Colleague: 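Starting off with a structure, shown below.
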Amino acid sequence: MPSPRLRFAPSPNGRLHLGHAYSALLNATIARALHGEVLLRIEDIDPLRCRPELADAVIDDLAWLGLTFPEPVWRQSARMSTYRAALESLRERGLIYPCTCTRREIQAASGAARDPDGAPLYPGTCRGKPVPEAPHAWRLDIGRALARCPGPHAYTAFAPGEPDTVRTAEPARWGDAVLGRKDVPTSYHLAVVLDDAAQGITHVVRGQDLEAATDLHVLLQRLLGLPTPRYHHHGLIRDAEGEKLSKSLRSEALAALRGRGVSPQEVRARLGFPGGDTVGTEP
Ligand code: GLU
């Protein structure tokens, strides 16, 4: 058995807020219980929204919370050649195709069907067309992918102190998902499965908002010959009394709390992580 390794993988497109703090602290707590470690990965594939100074601020906010991570901290912006190579191998196998459609065109051409994120399901307009001169995205041909890896697809869900459960994954509900964007040779879905595997991640702890994405990630892992970690999708953050944190507090930046003189111990206690100094992956 490989030693347990988790990761906290924020996108530096703004300052961290309490929802991030909860996820990071939960990762650290679970890693500690498993006698494993947590890596920090900066998911900065978006060249417009992710800025280097925001990545530094993420690291600073986490350190303020008492969380430090093994070096080196991976930044996805430095791994584009790996993502490009994976896209190329999928292309050679006929599993992705170029797409020039704009959001507006997709909206106009698609029916009522939506993917789990609520976006219109891609109607397949560009499938079977030659590679265009114009800038284009790359989409998974979900029909071919499922013909290659018919499934059923499943993954193991874990929760601290509870028995594991097997979850069925239904990647088809994502349709022909984008794996390479027009501006960068990857999308979140492709980069996250490649990096989880490359970093030897055994347990993924992330928010419930990403639970549906796991269905697609499991298929991509099969297609790329990568292992599937165990997953825990955590619910909304609650305060120590079990009440959902008020929306305003939940969306408050850690930096703002810090500026108001709130201590990291108070933040941790409020999020239900007792014992100010006991959370973390250091012995
Ligand atoms: N970078 C993603 C986010 O900030 C999280 C990715 C993941 O945990 O899989 O929403």
Side-chain angles (χ1 to χ4, degrees), residues 4-31 36-52 54-59 61-62 65 67 69 73-80 82-83 86 115-119 155-159 167 169 171 174 177-179 181 184 186-221 224 226-237 250-251 253-255:
R5 186 177 287 160
L6 291 73
R7 87 299 193 275
F8 176 58
S11 302
N13 48 27
R15 293 302 294 255
L16 293 188
H17 53 70
L18 280 178
H20 295 109
Y22 178 80
S23 200
L25 289 166
L26 187 63
N27 265 283
T29 304
I30 292 176
E37 62 176 351
V38 188
L39 307 183
L40 174 65
R41 182 167 70 229
I42 302 292
E43 299 211 325
D44 56 351
I45 62 166
D46 191 321
L48 293 178
R49 297 177 65 210
C50 298
R51 286 178 290 147
L54 283 172
D56 294 341
V58 163
I59 293 170
D61 285 341
L62 290 167
L65 258 188
L67 297 174
F69 300 87
V73 170
W74 282 23
R75 298 191 184 214
Q76 291 188 324
S77 54
R79 295 195 23 90
M80 292 298 165
T82 300
Y83 308 143
D115 74 15
D117 280 347
Y155 64 92
T156 300
F158 76 99
R167 299 282 165 86
W174 287 96
V178 170
L179 298 189
R181 299 174 9 161
V184 283
T186 186
S187 67
Y188 158 65
H189 300 300
L190 181 64
V192 80
V193 298
L194 289 170
D195 286 354
D196 283 342
Q199 295 193 288
I201 302 303
T202 57
H203 295 70
V204 170
V205 174
R206 61 185 177 191
Q208 241 160 25
D209 53 332
L210 291 168
E211 188 163 15
T214 304
D215 288 18
L216 178 58
H217 298 173
V218 170
L219 174 63
L220 294 177
Q221 287 153 358
L224 294 162
L226 306 173
T228 295
R230 304 157 99 75
Y231 288 89
H232 173 66
H233 298 102
H234 61 75
L236 283 181
I237 54 170
R250 207 186 314 145
S251 59
L254 293 179

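Everything numeric in this text was worked out from a predicted model, so none of it was measured. For ligands, and for the atoms within them, numbers begin at 1 and follow the listed sequence. Positions are given from 1, in the same order as the sequence printed here.
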Colleague: Could you tell me whether D56 and R75 have a side-chain N and a carboxylate O separated by less than 4.0 Å?
Modeller: yes
Colleague: With a 4.0 angstrom cut-off on heavy atoms, strictly below it, pick out the residues next to ligand 1 and order them by chain and number.
Modeller: R7, A9, P10, S11, E43, Y188, V192, R206, L210
Colleague: One thing to verify: whether D44 and R51 come together as a salt bridge, which I'm taking to mean a side-chain N less than 4.0 angstrom from a carboxylate O.
Modeller: no
Colleague: With sequence neighbours excluded, tell me which residues meet side-chain hydrogen bond (donor to acceptor under 3.5 Å, both in side chains) with H203.
Modeller: none
Colleague: What orientation do H17 and H20 show, parallel under 30°, tilted 30 to 60°, or perpendicular over 60°?
Modeller: tilted
Colleague: Taking the six-membered ring where the residue is Trp, are the ring centres of F158 and H233 under 6.0 Å apart?
Modeller: no
Colleague: Could you tell me whether E211 and R167 make a salt bridge, using a distance below 4.0 angstrom between a side-chain N and a carboxylate O?
Modeller: yes
